[in-house]
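Reviewing the structure listed below.
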Protein chains: 2
Amino acid sequence: MQKGRPREFDKEQVLDKALHVFWERGYEGTSLSDLTEAMGINRPSLYAAFGNKEELFRQALDRYAEKGPGAVYREALAEPTAKAVVERLLKSSADCLTDPANPPGCLAVQGALSCGDAAESIKQELCQRRARVEQELRLRFERAKAEGDLGRESDPESLARYVMTVMQGMSVQAAGGASRADLHAVADMALRGLAAAES
Amino acid sequence: MQKGRPREFDKEQVLDKALHVFWERGYEGTSLSDLTEAMGINRPSLYAAFGNKEELFRQALDRYAEKGPGAVYREALAEPTAKAVVERLLKSSADCLTDPANPPGCLAVQGALSCGDAAESIKQELCQRRARVEQELRLRFERAKAEGDLGRESDPESLARYVMTVMQGMSVQAAGGASRADLHAVADMALRGLAAAES
DNA sequence: CTATATCGGTACCAATCAGTACATATATAG
DNA sequence: CTATATATGTACTGATTGGTACCGATATAG
C-alpha cells in the first residue's frame, strides 16, 4: 500500500457523477461548484485527483466512450453484416439517447457544439471523437463492400456520414424531448430508406 | 421626429453583428464583452437598445428566423409537392449550414443545446422553435396527404420528424467541419430513401 | 434662446468564475 | 515512537461575469 492518507472517495464513482453533470449541462454550462456538489468532494480534492476542469472533462469523456454509450457503438460494429450494423446502431442509439437513467442526448454532441474561446479545445476534441467514430463506421462499410455484403456501387464514406448524421440528429431530437418511440420511428424510416437504396 | 439625442448606430446592423456572434459561440459562450466589441457599441447603449443579454439573443433569434435561414425554410414549405418540399429543404439546408458567410451550423441547434441554469429559458425557447418548425412541416405533409400527393399509408408526423432529424444532424455535421458537398451527399441519400419508402 | 429627453462613455457594482495556499488530519515506512 | 507523504477543509486569489449609476453631449420642442 502507498504512503500518506488514503483518498476517502472512489475515483470512478465520483467521475461518473462528474460525467453526468457534464452530460446534462455541457462543458461551459458546468461550473466547478456544480461539479464538487454533485461529486460530493471539495475543490482541492477534485484538483488533486483530476487535474483541472478540462482534464476532468476529458476523463469523463473517456469513461463515456469506454463504459457508457461508446460501448454500445463498438458492439454494433461487431454485427456480421452492414445492414445489421446500421440497424443495431440506430436502434441502440434511440434507446441510449432516451435512457431515463442518463441525460437525454449524446455527450459528444452536446458537450460543446459551439462555445467561447475557453472551451475551444474541448469543442475540437469532441469533433475529433465524432469524426473517429464516423471513420470506424466507414471502415466497417468498406470491409462489408469487400466482402460482397454491400453492393459494388455503394459508397462507404457517404453511407457512414449519413448514418452518423441521423444519429446526431437523433441526439438533438432527444435533447428536445423526443421519446424512445419517436426515435425508433426515425430509425425505422432511415433503415427503410437504406434498404431501398441498396436494392 | 422624436425628442432627444438620436442613436448613432443602426439597430438592425448591430443586431446582425450580435446574431453572428451568438451563432458562432452559442448563448453561454458569448460574453457581453464579445457582443459590445463585435457590435461596436458600448454596454449601456446595448442595454438601452436591446434590454439585456437574453432579450438581445431573442431579438437576434427573431432576425435569424425572419431574414436569415428561417426564410429559406418558409420558401421550401411553399413548394407544390411534398417531395419538392423535402428536396428543397434538405438542399437549402446543406447550402445554408455551410454558407461561408455565416458560422457553420444552425443557431436553433447550437445556440443552447445543453447549458447551465442561467441559459435554461433560452434552451427551452430554442426547443420550442425547433418543435414549431417540425409541426409546420407535419402540417404541410398532412395537406399533401389530403391532396393525394402523399400515399394513404404515409405518416406525416414521422415523416416530419425524420426530415427534421436529418437536418439537425446536418447541423452537427456542419459544426464538425463537413463541406457543402458532404451535406449534399447526405441530402441525396435521405431523399433516395424517402422516394423508395413512398413507392 | 431655454427646457427636455435621449444617447454615449467612464467607471463602477456584486456575484461568480476557475484555481490555490495553507493548516490540519490520517495513513504508511522505518 | 518519529518521519514522511498524501488527503481534506477553510478561506482565499485575481479575473471575468452580467448589469448600472452617473455625467457630459446632442438632438428636438416650445
Side-chain angles (χ1 to χ4, degrees), chain A residues 1-15 17-18 21-22 24-61 111-112 114-123 125, chain B residues 1-15 17-18 21-22 24-61 111-112 114-123 125:
Chain A
M1 203 165 183
Q2 69 170 331
K3 256 185 178 176
R5 179 171 172 179
R7 186 178 286 127
E8 289 185 0
F9 56 89
D10 176 29
K11 207 173 165 184
E12 290 200 340
Q13 198 170 320
V14 303
L15 184 56
K17 298 286 188 183
V21 180
F22 280 129
E24 191 166 24
R25 311 171 85 99
Y27 179 74
E28 267 184 336
T30 302
S31 73
L32 278 176
S33 301
D34 293 334
L35 290 167
T36 53
E37 186 185 358
M39 298 164 87
I41 65 180
N42 47 34
R43 222 170 277 226
S45 297
L46 188 156
Y47 277 82
F50 300 102
N52 59 21
K53 187 187 176 185
E54 186 169 333
E55 287 179 37
L56 173 60
F57 182 85
R58 292 195 143 90
Q59 291 172 55
L61 186 57
S114 48
C115 58
D117 291 328
E120 192 67 25
S121 78
I122 293 293
K123 172 180 144 191
E125 164 90 31
Chain B
M1 204 163 181
Q2 69 170 332
K3 258 185 179 177
R5 179 175 174 177
R7 186 178 286 127
E8 290 184 1
F9 55 89
D10 177 29
K11 206 172 165 183
E12 290 200 342
Q13 200 170 318
V14 302
L15 184 55
K17 298 287 190 183
V21 179
F22 279 131
E24 190 165 26
R25 311 170 84 100
Y27 179 75
E28 267 184 337
T30 302
S31 71
L32 279 177
S33 302
D34 293 333
L35 289 167
T36 53
E37 185 185 359
M39 298 164 86
I41 66 179
N42 47 34
R43 221 170 278 223
S45 298
L46 188 157
Y47 277 84
F50 301 102
N52 60 20
K53 187 187 177 185
E54 186 170 334
E55 288 179 37
L56 173 61
F57 182 86
R58 292 196 143 90
Q59 290 172 54
L61 186 58
S114 49
C115 58
D117 293 329
E120 191 68 26
S121 77
I122 293 294
K123 173 180 144 193
E125 164 91 32

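Reminder, nothing fancy here: chain letters follow the sequence lines and each chain counts from 1. These figures come from a predicted structure and were not determined experimentally.
Atom C1' of nucleotide C/dT20 and atom CD1 of A/Ile41 are separated by 15 Å, given to the nearest angstrom. The distance between atom CZ of B/Phe9 and atom C1' of C/dT6, rounded to the nearest whole Å, is 12 Å. With rounding to whole Å, A/Glu55 atom CD is found 13 Å from C/dA18 atom C1'. Remark: P of D/dG9 and CE of A/Met39 are 14 Å apart, rounded to the nearest angstrom. Rounded to an integer number of Å, the gap from B/Asn52 CG to D/dT20 C1' is 13 Å. When the P atom of D/dG18 is taken as reference, atom CG of B/Asp117 falls 16 Å away, rounded to whole Å. Summarising the geometry, the separation between CZ on A/Phe50 and C1' on C/dA18 is reported as 17 Å, rounded to the nearest angstrom. In this structure, OH of B/Tyr47 is placed 14 Å from C1' of C/dC12, rounded to the nearest angstrom.
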Under 4.0 Å protein heavy-atom contacts per nucleotide of nucleotides 10-17 of chain D, with B for base, S for backbone only and - for none: B------S

Annotated protein contacts, base or backbone, on nucleotides 24-30 of chain D with a non-hydrogen cut-off under 4.0 Å, one of B, S, - each: BBBBSS-

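B/Lys17 meets the side chain to side chain contact (heavy atoms under 4.5 Å, CB included) test with B/Met39; sequence neighbours excluded. For B/Ser45, the side-chain hydrogen bond (donor to acceptor under 3.5 Å, both in side chains) test picks out B/Asn42, with sequence neighbours left out. The side-chain hydrogen bond (donor to acceptor under 3.5 Å, both in side chains) test applied to A/Asp10 returns no partner, not counting sequence neighbours. Contacts of B/Lys53 classified as salt bridge (charged side-chain N to carboxylate O under 4.0 Å, His left out), with partners at least two apart in sequence or in another chain: none. For A/Glu54, the side chain to side chain contact (heavy atoms under 4.5 Å, CB included) partners at least two apart in sequence or on another chain are A/Tyr27, A/Asn52, A/Arg58, A/Ser121, A/Ile122. Scored by the side chain to side chain contact (heavy atoms under 4.5 Å, CB included) test, B/Ser114 finds A/Gln110 as partners (sequence neighbours excluded). Take A/Arg43 and apply the side-chain hydrogen bond (donor to acceptor under 3.5 Å, both in side chains) test, not counting sequence neighbours, and it matches A/Ser33. With sequence neighbours excluded, the residues forming a side-chain hydrogen bond (donor to acceptor under 3.5 Å, both in side chains) with B/Glu8 are B/Arg5, listed by chain and number. Under the salt bridge (charged side-chain N to carboxylate O under 4.0 Å, His left out) criterion, A/Glu37 pairs with no residue, sequence neighbours left out.
Between A/Ser45 and D/dT8, a side-chain N or O to OP1/OP2 separation shorter than 4.0 Å is present.
The C1' atoms of five pairs define one axis at each end of the helix from C/dC1-D/dG30 to C/dG30-D/dC1, and these two axes lie 0° apart (to 10°).
The minimum heavy-atom distance linking B/Asp34 with B/Gly29 is given by the pair OD2-O, 3.7 Å.
A donor-acceptor pair under 3.5 Å is formed between the side chain of B/Gln59 and the backbone N or O of B/Phe50.
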